[in-house]
Visitor: 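Pasting a structure here, questions to come.
Every number for a ligand or one of its atoms is a count from 1 in the order of the listing. The first residue of the sequence shown is numbered 1, and numbering continues consecutively from there.
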Amino acid sequence: MNDGSPEEIEAERKMQFLYALRSKGVTDKKVLEAMEAIDRGPFIRGLFAGRAYEDMPLPIACGQTISQPSVVGLMTQALEITPRDKVLEIGTGSGYQAAILSKLARRVYTIDRHRRLVNEARIVFEALDLNNITAITADGSHGLPEQAPFDRIIVTAAAEDPPSPLLAQLKEGGIMVLPVGQSDAVQHLIRVRKTAAGLEYDEMRAVRFVPLLEGLGKDT
Ligand code: SAH
């Protein structure tokens with residue numbers, strides 16, 4: 001327990017956050033370090049800001065959600081990122097996932113169909129001095145051909161199947177992690193490895209993500 005000083009409350013909060021991650025299967029040391037280094041608070045504005053340290057998805061602008069930290073951790077862990085990797089994320093949302101990726105990878109490209117979310121995320125990246133992230137407003141289901149191929153790809157919105165442009169933009173030896181399934185039904189996280197022999201799929205756990213939609217957001 002603590003005596004209630006701000007430092008002790010902060011330390012206790014951090015310990016509980018990391019404990020929740022570990023107890024849900026996030027065990028990779030580098031991933032835990034990255035998640036310890038990136039405070040989720042600045043990525044959540046308004047009403048829900050006070051709940052940033054709970055292991056819960058929370059609403060953000062444009063009717064979207066910031067993912068649950070343990071799911072962010074499991075997806076990041078499944079990507080097996082190395083420091084030389086160039087990573088593509090589809091679904092910037094709050095920017096939280098991209099910020100964690102930026103601690104592990106050489107370069108991160110992140111795309112969202114809502115301009116407002118991209119602009120707000122850029123402000124946080126700048127404030128936190130995360131200089132290896134490029135945030136782009138676009139329909140991410142086409143990937144980012146001008147920067148392809150990517151060592152790792154992560155999609156944080158659910159499609160019925162892995163979008164074929166993304167599979168095409170994954171390097172041989174690369175890994176892609178994404179939720180698949182119908183938007184309101186059960187979705188599963190899957191991991192795709194691209195090998196010389198073809199694509200290998202393995203299924204992780206059931207999840208619930210917002211759908212991957214076509215085109216740009218109405219605000220854009
Ligand atoms: N990774 C985010 C959470 C993402 S929520 C975080 O860490 O906070 C899913 C996001 O996917 C939403 O912001 C939504 O706008 C975006 N999205 C949905 N379809 C998309 C598409 N076709 N291209 C790009 N972004 C898309």
Visitor: Does any N or O of ligand 1 fall below 3.5 Å from an N or O anywhere on G215, backbone included?
Guide: no
Visitor: Taking all atoms of both residues into account, what is the closest heavy-atom pair of P179 and V207, and its distance?
Guide: CB-CG2, 4.0 Å
Visitor: If I apply the N/O under 3.5 Å rule, does I60 come out as touching ligand 1?
Guide: no
Visitor: Taking the side chain as every heavy atom from C-beta outward, state whether L178 and P162 have any pair of such atoms under 4.5 Å apart.
Guide: yes
Visitor: For atom 8 (O) of ligand 1, what is the closest protein heavy atom, and at what distance to 0.1 Å?
Guide: S94 OG, 2.6 Å
Visitor: Under a 4.0 Å N-O cut-off, is there an ion pair linking K30 with E33?
Guide: no
Visitor: Looking at atom 20 (C) of ligand 1, what's its closest protein heavy atom, distance included?
Guide: R113 CD, 3.2 Å
Visitor: List the closest protein heavy-atom neighbour of atom 14 (C) of ligand 1: residue, atom name, distance to the nearest 0.1 Å.
Guide: Q64 OE1, 3.3 Å
Visitor: Is V210 touching ligand 1 with its side chain, its backbone, both, or neither, if touching means heavy atoms under 4.0 Å apart?
Guide: side chain
Visitor: Using a 3.5 Å cut-off on N or O atoms only, is E214 in polar contact with ligand 1?
Guide: no
Visitor: Which heavy atom of the protein is the closest neighbour of atom 13 (O) of ligand 1, given with residue, atom name and distance?
Guide: D112 OD2, 2.6 Å
Visitor: Looking only at heavy atoms of A98, does any of them come nearer than 4.0 Å to an atom of ligand 1?
Guide: no
